[in-house]
Amino acid sequence: MSSAMLALRQVRYENRSFWRNPAAAFFTFAFPLLFMVIFNVLFGAGAGRFFTPAIMVFGVVTATFTNLAMTVTMARDNGILKRVRGTPLPAWAYLAGRIGHAVLIAFVLVVIVGAAGALFYEVPVPWASVPAMLVVLIVSAAAFSALGLALTGVIPNADASPAIVNAVVLPVLFVSNVFIQMDNAPDWLNTVSLWLPVRHFADAMIGLYRAGADTSVPWTAVGIVALWGVIGVAIAIRFFSWEPRR
Amino acid sequence: MVAAIEVRGLRKSYESLEAVRGIDLSIAAGEVFALLGPNGAGKTTTVEILEGHRVRSGGDVTVLGHDPGRHERELRERMGIVLQQTGVDEYLTVREIVTMVAGYYPRPMDPAVAIDLAGLGEQADRRVNKLSGGQKRRVDLAVALAGDPELLFLDEPTTGFDPSARRQAWETIRGLAGLGKTILLTTHFMDEAQYLANRLAIMADGVIVATGTPAELIGASSSRSTVTFGLSDGVEPPSELDARPTGVGWTIETDQPTGLLHDLTGWAIAGGHALEGLQVTRQSLEDVYLELTSAEGEADA
């Protein structure tokens, strides 16, 4: 079997395992929707136009970055990674399998959030923007997956992972136009947030979701997110560990 | 005989600790070899270097003609590993996991056969999170067999098993040896090494303190026997017999059990003493092991 086939096969097994823990699967999808409802209630009519794409961004970051950083450290603690390393399965095929499944979940989330926006918050899907959004989503999902794997190199063990992952991801989300609009933020905070990848992902999605938006691909934003992805890959290659540190 | 594993002067140091301090090993193809020693002796470090999980600090190592330090796929295709602690995705069934892993290998074993060999035929379609601890350990073995390996590493395969599960595991391992597989096993149970291994090496404190067949190790150490017996309170055996009190009775070590028994029983009959629970035991592999490893331990302290 070719390595690419093996990677696809890993996605299938990951997926099978994912659905066998229905409680975990349910909350993976319910969590972003819950945020969507809360923000729409808090910020009132018209907020859906902003929060539909913003929650898509939140969903993608959660399903890729947060999810991979936590589940891979868990698999590392349980000795699953070490076992894989003793078999002929190439390391990249195993990791590609995990990333493939994370991206799959991210896309399901995007579809659910888009449907919820259209059905409950009068935010129709901007069909003309869909091709450009797909480019943004694919690059971002890949980049945040790579960054999630990179973070596992810093996390010593699974007990430490929720604390570390949340400490990284939540502040970034708060200053990146996802939970709160950055319109009234001080300049320095805006500058900081423009150095980070989530801001560009969010701005791109929110821009494309606007009624009558420019439907071309926002290449600058995509490029910056991709650059972060490359940094993630480099860190992951350098620091990825097959066994936990205690 | 072709050597499956050749080790010369292997060393491994961690920051302040030298875990393996220059060992030599030669394991022939088709042999069952046991690496025996107390916790912390360096067994797992040695085995994990051979598996490619750890990088050695010095020495030469060849496994099936490859240097495991290079982590080549061709070598991993020919060996199966049961680590001391590992996990699998517990939401999958035994059959799914073994089938998944078999797919990584160019010439895998039929998953059903691997599962049967590991003694999990009845549990094949159960999810791993529904299995008992002993059954999960068998999943490790089934997974290690999935690629139909020539060489099998078993790192403490029966630790934590109840006596009957251990017996079953032993029969399984013997069956695998019967299929011509080379097996390197680590254990701290003497009886396990004695029952399973063609040859063994005893490790203590990072070095090999003895190596050979179980019979050779017992023979080489000595032909000593131990005589134990009890006496009623206040009675002591004659001092020339050199008996040591054990708390519950007396024990004498000797190279000439026949003469000693003659003297001892003669003295007992003459004095009218009963020798309660009189027993003569040949030295076992366990005694040899304890002698070798405790000497090392004391030298260290």
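Taking the six-membered ring for Trp, Phe179(A) and Phe58(A) have ring centres closer than 6.0 Å.
In this structure, Arg166(B) pairs ionically with Glu192(B), as a charged nitrogen and a carboxylate oxygen lie closer than 4.0 Å. Remark: Asp67(B) does not engage Arg70(B) in a salt bridge, criterion side-chain N to carboxylate O under 4.0 Å. Using a 4.0 Å cut-off between charged side-chain N and carboxylate O, Arg16(A) and Glu96(B) make a salt bridge. With salt bridges taken as basic N to acidic carboxylate O contacts below 4.0 Å, none links Asp155(B) and Lys43(B). In summary, Arg107(B) and Asp148(B) do not engage in a salt bridge, as defined by a charged side-chain N under 4.0 Å from a carboxylate O.
Separation of atoms CD1 (Ile99(A)) and CG (Leu104(A)) is listed at 13.5 Å; rounding is to 0.5 Å.
Taking non-hydrogen atoms and a 4.5 Å limit, the residue list of residues 18-28 of chain A in contact with chain B, ordered by number, reads Arg20(A), Asn21(A). For residues 65-81 of chain A, heavy-atom neighbours of chain B at less than 4.5 Å comprise Asn78(A), Gly79(A), Ile80(A), sorted by residue number.
For a residue to count as touching a neighbouring chain, one of its non-hydrogen atoms must lie under 4.5 Å from one of that chain's; by this rule Leu89(A) touches chain B with backbone and side chain alike. With a 4.5 Å cut-off on non-hydrogen atoms, Arg85(A) touches chain B through its backbone and its side chain both. Neither the backbone nor the side chain of Arg78(B) comes within contact range of chain A; no heavy atom of the residue lies under 4.5 Å from a heavy atom of that chain. Residue Asn129(B) does not touch chain A at all, counting heavy-atom pairs closer than 4.5 Å.
By the 4.5 Å heavy-atom criterion applied to side chains, Val198(A) and Val178(A) are counted as neighbours. Using a 4.5 Å heavy-atom threshold, the side chains of Ile224(A) and Pro197(A) count as separate. Within the 4.5 Å cutoff, the side chain of Leu83(B) has heavy atoms near those of the Glu48(B) side chain.
Remark: Arg138(B) is not positioned above the aromatic ring of Phe161(B), lacking an NZ or CZ atom under 6.0 angstrom from the ring centre and at most 45 degrees off the axis.
Highest contact tally toward chain A, considering only Leu75(B), Val101(B), Leu92(B), Ile81(B), is held by Leu92(B) [criterion: heavy-atom pairs under 4.5 Å]. Annotation: maximal heavy-atom pairing with chain A below 4.5 Å, among Met79(B), Gln85(B), Glu77(B), His71(B), occurs at His71(B).
When every heavy atom of Arg126(B) is checked against every heavy atom of Lys130(B), the shortest pair comes out as NH2-O, 3.3 Å.
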